[in-house]
Amino acid sequence: MTQYLLSIYQPDGDGVPDNIDEIMRDLDAVNADLRSSGAWVFAAGLHSPSTATVVRVKDDEALVTDGPYVEGKEHIGGFTVIQAADLDEALEWGRRLAAAITLPIEVRPLHDS
């Protein structure tokens with residue numbers, strides 16, 4: 001089995017959709033199916049990009065800056081790590097997650113999983 005990262009991309013801003021209760025219900029259903037199938041490994045939501053801190057090392061010295069590494073109109077708002085037999089299976093979970101939360105999902109295999 002290979003592990004895959006399902007990254008949830010959401011628009012910047014603090015707006016909450018009017019149908020958030022429906023979205024959360026649908027997300028809970030997908031997560032329950034992931035767990036019961038044995039595919040679920042780990043999931044987490046993230047705080048806003050403004051809470052990020054970036055560390056860079058140059059000439060053995062760490063430079064620490066506030067804010068996200070890359071600024072954009074969208075950001076990773078959360079993620080789920082799953083295990084799947086192949087990319088097709090991982091993409092099906094990504095499709096179900098995207099349908100539940102109405103946001104784009106990036107599906108990417110993890111190294112050495």
Where Leu6 and Ala90 come nearest, the two heavy atoms and their spacing:
CD2-O, 4.2 Å

Rounded to the nearest 0.5 Å, the OG atom of Ser7 sits from the NE2 atom of His75 at a distance of 12.0 Å

Can you name the closest pair of heavy atoms from Leu27 and Ala100 and give their distance?
N-CB, 3.9 Å

Pairs satisfying salt bridge (Lys or Arg N to Asp or Glu O under 4.0 Å), at least one member in residues 66-90, at least two apart:
none

Just to verify, what does Arg108 make a salt bridge (Lys or Arg N to Asp or Glu O under 4.0 Å) with, not counting sequence neighbours?
Glu106

If every non-hydrogen atom of Pro49 is compared with every non-hydrogen atom of Asp12, which pair is closest and at what distance?
CG-OD1, 4.2 Å

Would you mind writing out the side-chain donor-acceptor pairs for residues 50-65 within the sub-3.5 Å range, not counting sequence neighbours?
| from | atom 1 | to | atom 2 | distance (Å) |
| --- | --- | --- | --- | --- |
| Ser50 | OG | Ser48 | OG | 2.8 |
| Thr51 | OG1 | Ser48 | O | 2.7 |

By side-chain hydrogen bond (donor to acceptor under 3.5 Å, both in side chains), Asn19 pairs with (sequence neighbours left out) none

Sequence neighbours excluded - ring pair (Phe, Tyr, Trp, His ring centres under 6.0 Å) pairs with any residue from residues 12-37:
none

Per the ring pair (Phe, Tyr, Trp, His ring centres under 6.0 Å) rule, what does the pair list look like for residues 79-107, sequence neighbours excluded?
Phe42-Phe79

Report yes or no: do Ile82 and Leu87 belong to one cluster of Ile/Leu/Val/Met/Phe/Trp/Tyr joined by side chain heavy-atom distances under 4.5 Å?
yes

For Ala43 against Thr80, the heavy-atom pair lying closest together:
CB-OG1, 3.6 Å

Here the salt bridge (Lys or Arg N to Asp or Glu O under 4.0 Å) pairs for residues 24-37, sequence neighbours left out, are Asp33-Arg96

Residues two or more places apart in sequence or in another chain: which of them pass side-chain hydrogen bond (donor to acceptor under 3.5 Å, both in side chains) with Arg95?
Glu92

Considering residues at least two apart in sequence or located in another chain, which fulfil the side-chain contact (heavy atoms from CB on, under 4.5 Å) criterion with Leu103?
Ile8, Gln10, Pro11, Ile101

With a 4.5 Å cut-off on side-chain heavy-atom distances among I, L, V, M, F, W and Y, is there a chain of contacts connecting Ile23 to Val16?
yes

Pairs satisfying ring pair (Phe, Tyr, Trp, His ring centres under 6.0 Å), at least one member in residues 7-40, at least two apart:
none

